[in-house]
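In what follows, a structure is listed as structure tokens, so that the remarks can point back to it.
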Amino acid sequence: MFANFTFENPEFFWLFILLPVAIAWYFWKRNLQTPALRMSSIQGFKAKSSILAKLRPVLFILRILALALLIVALARPRTVDVSTRTNSTQGIDIVMAIDVSASMLARDLQPNRLEATKAVGEEFIKGRPSDRIGLVLYSGESFTKTPITSDKSVVLRALEDVEFNNILESGTAIGSGLATSVNRLKDSKAESKVIILLTDGVNNSGFIDPKVASELAKEFGIKVYTIGVGTNGMALTPVGIAANGRFQFGNRQVEIDENLLKQIADETGGKYFRATNNEKLEDIYDEIDQLEKTEIEEFKYTNYDEKFRPFALLAGALLLFELLLRYTLFRSFI
């Protein structure tokens, strides 16, 4: 509550400089005007008069307090209550198409390509509160993990559950993954539709040509950002399965069909990126986040509650009380 307490005209606080000057003037003038009278005895004076004489500075104190309160009132103290309401004026529907083939377990990204993709994707989703997001997974075939939805908790749980398994046909069907993503977005009424297609290989499976899928995306006004995941050169990649069911790893040449990914991005008005490490992958999603900004219309409502009146009223009451005392109880001392 204190943080919302403000002063509209704080420059009036400079008037407080006058208070020490007034106090100094009062004591200086009082010393000049106080007469000295020598008497052999003061027994004839009443004690009441002596007490009133000592209390006479109260009049000046009341006036100084009133002046201080008036200065505070002039500064216009008030509380400010601000509330906001936001509307998304340009919603964006986004589908994240993630390659979940065995090669995504390669350890050139930490701890591997798939886990790094999930971690960065999670932050990306959290940073898009006004958009609808869906999730498509593919390897040798593709399927929709989560249709486009505004419920980010659903998408985040689905992303957390993503892992490699041998249920899907092995391989990398880029065309199928892209086509499934297009199918999720083709009926969308959003003004902007985006696919983020991530893979670490070449198209070697599926029944849909990636070029045909990119033409469909273009026809439905869908922009595709493609990401090739994998370092340059060799990477520690699964090469077989041991007797205990665990993957055996060996160094393999990283092969990414960059020409295809660039063509898909160019055809649909998107952009191609290459993620050779975790930091680069984070930078890519940050750049996509900047390129696809959702326009937000914010309405701000400000309620001001003026607080100067109690200070002004109290100052007036002190001045009236000071005048009352001056012309009644302290009249004989004026």
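The basis for the numbers below is simple: all heavy atoms, side chains too, and nothing from hydrogens, waters or symmetry mates.
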- Query: Do the side chains of Leu291 and Phe124 join up, straight or via other hydrophobic residues, at under 4.5 Å, putting them in one cluster?
  - Reply: yes
- Do Ile94 and Ile148 come within less than 4.5 Å of each other through their side chains, counting heavy atoms only? no
- Query: Quick check: does any side chain N or O of Lys193 sit under 3.5 Å from a backbone N or O of Phe220, one acting as donor and the other as acceptor?
  - Reply: yes
- Task: Using distance alone, with no hydrogens and no angle criterion, decide if Thr276 and Asn232 have a side-chain donor and acceptor under 3.5 Å apart.
- Result: no
- Query: Of all heavy-atom pairs between Ser176 and Phe207, which one has the smallest distance, and what is that distance?
  - Reply: OG-N, 4.1 Å
- What's the spacing between Glu322 CD and Leu65 CG if we round to 0.5 Å? 11.0 Å
- Begin with the C-alpha distance, continue with both residues' side-chain angles, and end with the deciding distance and a verdict on side-chain hydrogen bond (donor to acceptor under 3.5 Å, both in side chains) for Ser153 and Asp151. CA-CA 6 Å; Ser153 61; Asp151 190 341; 2.5 Å; yes
- Message: To check you understand the geometry: which heavy-atom pair defines the closest contact between Ile256 and Gly228, and what is its length?
- Response: CD1-C, 3.9 Å
- Where do Gly230 and Asp108 come nearest, in terms of heavy atoms and distance? CA-OD2, 3.4 Å
- Message: Using modelled atom types and a 3.5 Å cut-off, is there a donor and acceptor pairing between side-chain atoms of Asn251 and backbone atoms of Met234?
- Response: no
- Item | Side-chain (Lys152) to main-chain (Asp131) donor-acceptor, under 3.5 angstrom | yes
- Message: Working to the nearest 0.5 angstrom, can you tell me the gap between Ile227 CD1 and Leu197 CG?
- Response: 8.5 Å
- Message: Could you check whether any side-chain heavy atom of Phe247 comes within less than 4.5 Å of a side-chain heavy atom of Leu105, counting everything from C-beta outward?
- Response: yes
- Query: In chain order, what residues pass the salt bridge (charged side-chain N to carboxylate O under 4.0 Å, His left out) check against Glu258, with sequence neighbours excluded?
  - Reply: Arg274
- Go through the steps for Ile264 and Ile174 under the test side-chain contact (heavy atoms from CB on, under 4.5 Å), then give the verdict. CA-CA 10 Å; Ile264 293 172; Ile174 295 175; 4.2 Å; yes
- Flag if over 12 foreign heavy atoms under 6.0 Å of CD, Glu306: yes
- Are Glu292 and Arg128 ion-paired here, with the side-chain N under 4.0 Å from a carboxylate O? no
- Short question: side chain of Lys145, backbone of Val162 - any donor-acceptor pair under 3.5 Å? no
- Does atom CD of Glu11 have more than 12 heavy-atom neighbours, drawn from other residues, nucleotides or ligands, at distances under 6.0 Å? yes
- Indicate, with yes or no, if Leu69 and Phe321 share a hydrophobic cluster defined by side-chain heavy-atom contacts under 4.5 Å among Ile, Leu, Val, Met, Phe, Trp and Tyr. yes
- Between Leu67 and Leu19, which heavy-atom pair has the shortest distance, and what is it? CD2-CD2, 3.3 Å
- Query: So how far is it from Arg326 CZ to Leu319 CG, rounded to the nearest 0.5 Å?
  - Reply: 10.5 Å
- Message: Run the side-chain contact (heavy atoms from CB on, under 4.5 Å) test on Leu159 and Ile98 for me, step by step, so that the C-alpha distance in whole Å, both residues' side-chain angles and the decisive distance to 0.1 Å come before the verdict.
- Response: CA-CA 10 Å; Leu159 182 63; Ile98 300 176; 3.9 Å; yes
- Query: Got Ile222 and Thr268 here, is their nearest side-chain heavy-atom distance under 4.5 Å?
  - Reply: no
- I would like to know whether Phe143 and Leu137 meet side-chain contact (heavy atoms from CB on, under 4.5 Å); could you show each step before the answer? CA-CA 6 Å; Phe143 73 98; Leu137 306 180; 3.7 Å; yes
- Interatomic distance, Asp289 atom CG to Asp283 atom CG [nearest 0.5 angstrom]: 12.5 Å
- Query: So which heavy atom on Ala22 is nearest to which on Phe60, and how close?
  - Reply: O-CZ, 3.6 Å
- Task: Indicate whether the side chain of Gln263 and that of Tyr272 have a donor and an acceptor atom separated by less than 3.5 Å.
- Result: no
- Please report the shortest heavy-atom distance between Asp200 and Val229, naming the atom on each side. CB-O, 3.1 Å
- Are Leu109 and Ile284 co-members of a hydrophobic cluster defined by side-chain heavy atoms under 4.5 Å apart? yes
- Mark yes or no: Arg107 above the aromatic ring of Phe249, with NZ or CZ under 6.0 Å from the six-membered ring centre and no more than 45 degrees from the axis. yes
- Give, for atom CZ of Arg113 and atom OG of Ser103, the distance between the pair rounded to the nearest 0.5 Å. 6.0 Å
- Following the transitive rule for hydrophobic clusters with a side-chain heavy-atom cut-off under 4.5 Å over Ile, Leu, Val, Met, Phe, Trp and Tyr, establish whether Ile125 and Leu185 coincide in one cluster. no
- Message: Testing the 3.5 Å rule here: is there a donor-acceptor pair between the side chains of Thr180 and Ser142?
- Response: yes
- Query: Considering only heavy atoms from C-beta outward, does the side chain of Leu261 approach that of Thr199 to under 4.5 Å?
  - Reply: yes
- Is there a donor-acceptor pair closer than 3.5 Å between any side-chain N or O of Asn9 and the backbone N or O of Phe12? no
- Message: Measuring only between side-chain heavy atoms, which start at C-beta, is Tyr138 closer than 4.5 Å to Val100?
- Response: no
- Task: With rounding to the nearest 0.5 Å, note down the distance linking NZ in Lys189 to CZ in Arg132.
- Result: 11.0 Å
- Message: I'd like to know whether Glu219 forms a salt bridge (charged side-chain N to carboxylate O under 4.0 Å, His left out) with Lys186, so could you lay out the CA-CA distance, the side-chain angles of the two residues, the decisive distance to 0.1 Å, and finally the verdict.
- Response: CA-CA 9 Å; Glu219 181 179 344; Lys186 63 181 178 66; over 6 Å; no
- Same apolar cluster (I L V M F W Y, side chains within < 4.5 Å links), Ile61/Leu15: yes
- Query: Considering only heavy atoms from C-beta outward, does the side chain of Ser139 approach that of Met104 to under 4.5 Å?
  - Reply: no
- Query: How are the rings of Phe16 and Phe13 set relative to one another: parallel (under 30°), tilted (30 to 60°) or perpendicular (over 60°)?
  - Reply: parallel
- Are Arg246 and Ile241 close enough, and set up right, to give a side-chain contact (heavy atoms from CB on, under 4.5 Å), and what steps lead you there? CA-CA 6 Å; Arg246 295 176 179 272; Ile241 300 178; over 6 Å; no
- Classify the side-chain pair Ser101/Asp99 by whether it contains a donor and acceptor separated by less than 3.5 Å. yes
- Query: Does Lys118 pair with Glu163 as a salt bridge, N-O distance under 4.0 Å?
  - Reply: no
- Message: Testing Ile195, Val194, Val95 one by one against Val224 for a side-chain contact (heavy atoms from CB on, under 4.5 Å), which residue passes?
- Response: Ile195
- Item | Candidate pair Tyr285 and Phe273, rule ring-ring contact (aromatic ring centres under 6.0 Å, His included), full reasoning | CA-CA 10 Å; Tyr285 272 93; Phe273 303 92; 8.9 Å; no
- Item | Any Ile133 side-chain heavy atom under 4.5 Å of Met96 side chain | yes
- Query: Would you say Thr146's side chain and Leu135's backbone share a donor-acceptor pair under 3.5 angstrom?
  - Reply: no
- Query: Under 4.0 Å between a Lys/Arg side-chain N and an Asp/Glu carboxylate O for Glu215 and Lys211?
  - Reply: no
- Message: I'd like to know if the side chain of Thr237 reaches the main chain of Ala235, judged simply by a donor and an acceptor atom lying under 3.5 Å from each other, with no hydrogens or angles considered.
- Response: yes
- Message: Could you check whether any side-chain heavy atom of Leu281 comes within less than 4.5 Å of a side-chain heavy atom of Leu198, counting everything from C-beta outward?
- Response: yes
- Item | Full working for salt bridge (charged side-chain N to carboxylate O under 4.0 Å, His left out) between Arg78 and Asp305 | CA-CA 5 Å; Arg78 60 183 182 175; Asp305 187 8; over 6 Å; no
